[in-house]
Amino acid sequence: MVRSQILEAVRDALQTLGVAEVPEAVTVERPGNPDHGDWSTNASLVCAKSLKKNPRQLGEELMAILVEAELPHVEKLEIAGPGFINFTLSPSWVHDVLRTVVAEGIENYARLHVGDGLEVNLEFVSSNPTGPLHAGGGRWGVFGDSLARIMERCGYIPHKEFYVNDRGTQTVLFGQSLVARRDGIPVPAGGYEGEYVTEWAAEMPATADPTEWGIKRALQEVEESLASMHVHFDTWSRENALVESGAVENTLIALRQSGYVYEKDDAVWLATTEFGDDKDRVLIKSDGDYTYLLPDVAYHRDKYNRGDLVIDILGADHHGYVPRMRAALLALGHEADEYEAIIGQNVSLMRGGEEVKLSKRTGTMIAVDELIDDLGPDVTRFAYLLQSIDTAQTIDIDVWKAQAGENPVFYVQYAHARIHAIGREAAKRNIVLGDLAQTDLSGLVDPNEVAVLRDLHELPEILAGAARDRAPHRITTWVRGLAGNFHSFYAHCPILRSDVDPDLQQARLWLTEATRIGLAIGLDLLGVNAPEEM
RNA sequence: GCCCCUGUAGCUCAGUGGAUAGAGCAUCGGUUUCCUAAACCGUGUGCGGCAGUUCGAUUCUGCCCAGGGGCGCCA
């Protein structure tokens, strides 16, 4: 679109002036200050040195070429500040944006191909099947699901997986805890003391295997919680299944063949320090049982059957785990760029002005269900996706509940519902939306109208950045901005009022239609409902 | 001690190698003879500190300070 046309012209001009390879640092950006035009390039600042010219002088030469090029929509060019070239465009450029958005629609606008069909395996949540999903796990669920949506729209083929550690110490302890609660005896040391254990123990049939039953019960709970936030997985993988299929033993053989396995103190070790880990790691304990690591390596190996790039989304408390997994995969011959770990910072919850501790074992935890019950799935998702995954998050339940009227989710949803309300009102007034091709958009010059269209123009770029940087919250930020500019437009620019010129009315109706498309795309990427009325 | 994340407005958080750093909440004050006021408009002492790289650093690098998380033959 416009921006890339300008950038191309700038790069061409630089080459004409003798810049053999135009640096990546040469960019075209939206200046913060409207006095600096619609677009601005730093080209002369970046390239002045290599051409041994001062930036203003180079700017003059660039400008002469750019004027010659007669770029579409460009009305004025000027040099400002230390040597920026500012482009002022006629409003017609945003009108092209409107036509593009409407023509491509929800399905195709901001549908990118940067992913080039790469199959990406995303593993997230993967909590122990020893209790309900806690609010922290909910963050990874919503983040992973939204990232998958974003990557899919960018041309990747995402595959969402949940890994179930249905084997090992924790699940056994959990089973024992259930039995203890059922029989009224003390929970074993390090066992699970949450209230849910007592509740579930009461449901447990006498004949059931406690560990097996407990895992099933917990998984059912977790799956329902995730589903209630519209988080679904393509594959649920079981640790036990990997043991039974021989995948774990095969992985051990493969690791041995790599030459990085050795025995010491009756245990089997992997020399992960050869790949940058702090210390070597045990694969098989001296008691003969696997550590967590070995089956997990087998699992990661298995995941490459369902993706060429494997991404783990982990909580901050697991970040120390990443170097050993990376080392194991490198030992098995995978390339460094085939594995990636996203570390999410922790979530804490506030209620009644106090922090609610999240621990399955001590029992003072808040399950995601409680959050969803209090806030609903849309608010819960939006709250989770409001900020960067790199930031420790505190969700104050009281605030999100109390704010119900002026909450960012409703603010955005209301913008969408408002557009539908306009449509309903238009029908009531027998105002019919005409053919866009026949519509004169030249009346859309109000700053509020232009602001909405500029937002829409930015979506593909924002989306690409969100996918590249694994940052769904950029979509949240963008969609809030679009909703805000739309509300301003609505307040300042009457649409259906009888004193509005018919041509302008049609143009504004098309503007609302383009906005509807943008909001629907943004909300869908977040997995938040776009209501037609509220 | 080592590793990861964070430090931006009273609070919760966005944001950018550039020319005047934003939003919501909170405060105070405005807006409705025809489109939903869940909205709009106005109101601000802020980039933890010190160096370095750069034409230019809040953004990149190093160190320091502060907060969170991790450093098991647990997961």
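On a predicted model such as this, the values are computed, not experimentally measured, just so you know. Proteins get letters first, then strands, A, B, ... in listed order; numbering begins at 1 in each.
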- For A:R56, answer base if it contacts any base atom (sugar-phosphate contacts may also be present), sugar-phosphate if it contacts only those atoms, and nothing otherwise; contact means non-hydrogen atoms under 4.0 Å. nothing
- Message: So, OP1 or OP2 of B:rU12: does either fall under 4.0 Å of a side-chain N or O from A:T394?
- Response: no
- Query: From B:rC40, B:rA75, B:rU36, pick the nucleotide closest to the side chain of A:A491?
  - Reply: B:rC40
- Considering only heavy atoms and no angle criterion, is a donor-acceptor pair shorter than 3.5 Å present between the side chain of A:T291 and the base of B:rC73? no
- Item | Stacking check A:Y414 vs B:rA39 (5.5 Å / 30 deg) | no
- A:Y299 and ring-ring contact (aromatic ring centres under 6.0 Å, His included): which partner among A:F162, A:Y163, A:Y292? A:Y163
- Task: State which of B:rC5, B:rC3, B:rC73 makes the closest approach to the side chain of A:D390.
- Result: B:rC5
- Whole-Å distance separating the CD atom of A:E532 from the P atom of B:rA38: 19 Å
- Item | Nearest-angstrom distance from the residue atom NE2 of A:H487 to P of B:rU31 | 21 Å
- Query: To the nearest angstrom, how far is A:D398 atom CG from B:rC25 atom P?
  - Reply: 18 Å
- Below 4.0 Å: OP1/OP2 of B:rA14 and any side-chain N or O of A:T391: yes
- Query: Side chain of A:N42, base of B:rA19: donor and acceptor closer than 3.5 Å?
  - Reply: no
- Message: Regarding B:rA19, can its base be found pairing with the side chain of A:S40 as donor and acceptor, where the two atoms are less than 3.5 Å apart?
- Response: yes
- Please indicate yes or no: is the ring centre of A:H36 less than 5.5 Å from the centre of the six-membered base ring of B:rA19, with the two planes inclined by under 30 degrees? yes
- Query: Salt-bridged, A:R256 to A:E263, with N to O below 4.0 Å?
  - Reply: yes
- Task: Starting from P on B:rC55, measure out to NZ on A:K49 and report it in whole angstrom.
- Result: 3 Å
- Charged N to carboxylate O below 4.0 Å: is that the case for A:D289 and A:R167? yes
- Task: Indicate, with a heavy-atom threshold strictly under 4.0 Å, whether A:Q387 touches base, sugar-phosphate, or nothing.
- Result: sugar-phosphate
- Message: Strictly below 4.0 Å: does A:K285 bring a side-chain N or O up to OP1 or OP2 of B:rG72?
- Response: no
- Task: With the side chain of A:A80 defined as its heavy atoms from C-beta on, choose the nearest nucleotide among B:rA19, B:rC73, B:rC35.
- Result: B:rA19
- Message: Does a side-chain N or O of A:R418 approach OP1 or OP2 of B:rA37 to a distance below 4.0 Å, or not?
- Response: yes
- Task: Please report, rounded to the nearest Å, how far the C1' atom of B:rA75 is from the CZ atom of A:R238.
- Result: 17 Å
- Query: Is there a residue in residues 457-476 of chain A whose heavy atoms reach under 4.0 Å of RNA chain B, and which residues are they?
  - Reply: A:H473, A:R474
- Is there a donor-acceptor pair closer than 3.5 Å between any side-chain N or O of A:D469 and the backbone N or O of A:A471? no
